[in-house]
Amino acid sequence: MIALKSFDDENKTIETLVIPVCSNKEIHGDKQIIQLNKKAKTFPEFSGKKEEEITLYDLPKSVAKRVIFMGLGESGQLNGETLRAFCGKAIRRCMKDKFSTAAFAAPDSKKTGRATELILESMIQGACLGNDVFDVYQGKKDLSPLKNIDIMVSDKDVKPFAALAKKTEIVCQGTLLAREWINIPSNHKQPEKLAKMISKAASGKDLDVVTLNEKELKQENMNALLAVSEGSQSPPRMVVIKYRHEKAKKHAALIGKGVTFDSGGINLKPSGSIEDMKVDMSGAAATAAAMIAIATLKPKINVTAFMPLVENMPSGNATRPGDIIKSLSGKTVEILNTDAEGRLILIDAITYAEKKYAPDIMIDVATLTGACVVALGEKIAGLFSNDDALAAVIQAAGEKNNEPCWRMPLPDEYKELLKSECADIQNISSSRWGGAITAALFLSEFVETPRWAHIDIAGPASTKKCASYCGAGGTGFGVRLLCDSLEALV
Ligand code: BES
Ligand code: ZN
Ligand code: ZN
C-alpha cells in the first residue's frame, strides 16, 4: 500500500524516514526536513553526493525514529528516472534491514523546478516497482516486501494528488504481475496453465475473459498459430480479454506474443540463446497485465486484447523447415525457419482480431527478434508503425515512464526479401541483415487495421542484473507504456 501523507496529519511517529538530499542545494520545502538535512551535512562523510548515505537515530524533536539520508548528487540532474531509482534503491535497503514500513520525503516542486506530478508519480513508481521479490522457488526467503509505504508531501498536496497516487500504484501492480508471470519457469506455465493464471487474475474485474482451446483454434483455422504449437505436448490457447467503456469512440486491439518456451523448434536454438527463452511470453504478460490495470483506470476507449499462447518445441510432430501452411488470413506461408515462430502466432491473432472486431487501432507487443537487440541494445524497444500520430503517442508514453521506444522504418523496398518461391510469403528474410525490420514487415503484410504499431521488446523484456527498481528477470516492460498510450488515444 502506497499513500500520500503530510507530517501534519501523521500523529504517530514514523519508524523510518528516507530523505533524498542533493549536494549543491536544498530541494525540500518542509522546515523540519531542512533542519534534518542541515544536521546530516554536519557529518563529513555526508554531503549529498551520489551514492552517499547516512542514518541518524533518535534526533531531538525529529518526526522519525530513524532517518536515512541518501545522496542524489547535483540538483540539476534531478528527473523522473533519478527519483524512481532513488526510491527503488531505498526500498531495497529497507527490505534488507527487514523494515515493514517506510516514509519518503518528496522534494519540493518550487525548489527543484520539477512538476509535483512528475516528482510524485516517479517516486511512487520507483517505490512500488522496487518493493518486489521473486522467491517462489527458493527455500530461503531473504527479503520480503514492505507492507506500507508513505510518500510525505506538503499538506496542500495530499488531496489533489491522491488520485494520481492510486492510479500509479495500480499500473505498477500491473507491471509486477507481468514480471511474476515472466519469471515463472516454462515447466510451470504451459499455455493452458498460463491461460488459467491470466483468467484468474482478470476475474472479478470489469473485464470479459474468454479462452479458446485447441479445438476452437482449429475450428477458426488458425493454422499459423497451430503450426508453431505442433511439436509440443502442451496444447495451445488464445486468451481474449475485453474491456468496454460506454463513452468510447474508438476501439483498440492489443496483441501480445505468448511463447511460453521458445526452443526454436526443429531449428533448435544453441546453448547461450535457449536458456532464457521462458521470457518469450513477455508481450502476452504485458498485454494481459495492462488490461487488468485499465479495468480499474477506466479510460474512455474500448480495448480487446489477444494473447496467443504456445510452446515452440521440436519433436516428431513438429513443423519442419520448408513446410507450408495456410494462415487464417488465407495467405500461405512457407516456414523456412521454425525459430521465427512469434510472427506466425501473431499474424493469426491479428487476423482474428480484425475479423471479429475490426478495431481502429492495433498495437502488438512481442519479444520478436534478436536483431532488434543487436540494433538497440537491451534497454530500448523497437517501434514500427504505419501511423505517425500513434507512434508519437507511444514514444511519449515511453519517455515518461523510462520504457524507451525507438522508431524504426518499414521500407517497402525490403518486402521483396520475404518473397517465397512456392507460397504467398516466407517467414524469414532471404537476407541476414535488418532482421527486426523484416519481421515487422512480415507482420505488416497481414495487418489491415488503419493505425497499427508493433513494439519489439526482445531487449528490454528482461534483464540479467538487478537494478534500482527491478530485480533480475522479467521487467514488465510495456505495461506502463500501454496504459499511458491507451489513455492518450481516447
Ligand atoms: N524469441 C526469439 C527472439 C528473442 C531473442 C527474444 C532474444 C528474446 C531475446 C524469436 O522467436 C527468434 O528466435 N527470432 C529469431 C528470428 C530468426 C530465426 C529470423 C532471431 O531473432 O534469431
Ligand atoms: Zn524463435
Ligand atoms: Zn520467440
Side-chain angles (χ1 to χ4, degrees), residues 178 182-183 186 189 191 194 224-225 227-232 236 255-286 307-314 318-323 333-349 364-382 408 414 417-418 420 425-443 454-464 472-478:
I182 298 164
N183 289 339
S186 299
K189 61 171 174 199
L194 182 57
L225 184 157
V228 177
S229 125
E230 213 82 73
S232 171
I255 319 264
K257 172 178 171 181
V259 177
T260 64
F261 183 68
D262 182 12
S263 70
I266 296 296
N267 293 97
L268 194 66
K269 284 182 185 288
S271 295
S273 339
I274 198 167
E275 40 291 273
D276 292 331
M277 280 305 135
K278 70 171 186 183
V279 309
D280 213 19
M281 38 59 77
S282 299
M307 279 73 60
L309 308 178
V310 298
E311 187 183 46
N312 186 24
M313 295 290 263
T319 295
R320 293 151 288 253
D323 283 0
V333 182
E334 185 183 13
I335 302 176
L336 285 176
N337 190 317
T338 61
D339 197 11
E341 84 299 338
R343 60 197 80 182
L344 296 174
I345 68 169
L346 290 175
I347 56 166
D348 273 357
D364 75 76
V365 186
T367 47
L368 203 62
T369 65
C372 200
V373 194
V374 173
L376 300 173
E378 292 177 292
K379 303 276 178 208
I380 304 171
M408 304 267 276
Y414 288 6
L417 299 169
L418 295 167
S420 160
I425 194 165
Q426 59 188 38
N427 80 324
I428 52 163
S429 166
S430 48
S431 158
R432 61 183 288 210
W433 309 112
I437 297 174
T438 46
L441 283 171
F442 178 87
L443 298 179
H454 156 60
I455 310 173
D456 192 333
I457 59 166
S462 63
T463 174
K464 292 203 174 53
T475 60
F477 186 106

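Read the numbers this way: they start at 1 and go in the same order the structure lists the ligands and their atoms.
The distance from atom CG of Asn312 to atom CE of Met277, rounded to the nearest 0.5 Å, is 11.0 Å. Note that CG of Asp280 is 8.5 Å distant from CG of Leu368, once rounded to the nearest 0.5 Å. Considering CD1 of Ile428 and OG1 of Thr438, their distance stands at 9.0 Å, rounded to 0.5 Å. Between atom CG of residue Asp364 and atom CZ of residue Arg343 there is a gap of 12.0 Å, rounded to the nearest 0.5 Å. How far CG of Asp323 is from CG of Asn427: 10.5 Å, rounded to the nearest 0.5 Å.
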Criterion side chain to side chain contact (heavy atoms under 4.5 Å, CB included) on Met281 and Met307, from CA distance to verdict: CA-CA 9 Å; Met281 38 59 77; Met307 279 73 60; over 6 Å; no
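Close approach of ligand 1 to Glu341 is summarised as follows: ligand atoms under 4.0 Å from at least one heavy atom of the residue are 11 (O). Using a 4.0 Å cut-off to heavy atoms of Gly370, the atoms of ligand 1 that qualify are 3 (C), 5 (C), 20 (C), 21 (O). Near Asn337, meaning under 4.0 Å from one of its heavy atoms, ligand 1 places the atoms 18 (C). For ligand 1 and Lys269, the ligand atoms under 4.0 Å from any heavy atom of the residue are 2 (C), 12 (C), 13 (O). Taking every non-hydrogen atom of Ile428 and a distance limit under 4.0 Å, the qualifying atoms of ligand 1 come out as 19 (C). Annotation for ligand 1: atoms under 4.0 Å from non-hydrogen atoms of Ala458 are 6 (C), 8 (C), 9 (C). Near Lys257, meaning under 4.0 Å from one of its heavy atoms, ligand 1 places the atoms 1 (N), 10 (C), 11 (O).
Considering every non-hydrogen atom in both Ala286 and Phe477, the closest pair reads CB-O, 3.6 Å. Between Pro236 and Pro191 the shortest heavy-atom distance is CA-CB, 4.1 Å. Here the closest heavy-atom approach between residue Gly474 and residue Asn183 is recorded as N-OD1, 2.7 Å. In terms of heavy atoms, Lys269 sits closest to Asp339 at NZ-OD2, 2.9 Å.
For atom 15 (C) of ligand 1, the nearest non-hydrogen atom of the protein is Asp339 O, 4.0 Å. Residue, atom and distance of the protein heavy atom nearest to atom 2 (C) of ligand 1 are Asp262 OD2, 3.5 Å. Closest to atom 10 (C) of ligand 1, if we only count protein heavy atoms, is Leu368 O, 3.2 Å. Residue, atom and distance of the protein heavy atom nearest to atom 7 (C) of ligand 1 are Met277 CE, 3.8 Å. Of the protein's non-hydrogen atoms, the one nearest atom 16 (C) of ligand 1 is Arg343 NH2, 3.9 Å.
Excluding waters, the set of protein N/O/S atoms under 2.8 Å from the Zn ion (ligand 3) reads Lys257 NZ, Asp262 OD2, Asp280 OD2, Glu341 OE2.
A salt bridge links Lys257 with Glu341: the distance from a Lys NZ or Arg NE/NH1/NH2 to an Asp or Glu carboxylate oxygen falls below 4.0 Å.
For atom 22 (O) of ligand 1, no protein heavy-atom neighbour is found at a distance under 4.0 Å.
For the side-chain contact (heavy atoms from CB on, under 4.5 Å) test with Ser429, the passing option among Ile437, Leu441, Leu417 is Leu417; the others fail.
Under a 3.5 Å cut-off, the side chain of Asp348 and the backbone N or O of Leu225 do form a donor-acceptor pair.
An N or O contact shorter than 3.5 Å is missing between Gly342 and ligand 1 by distance.
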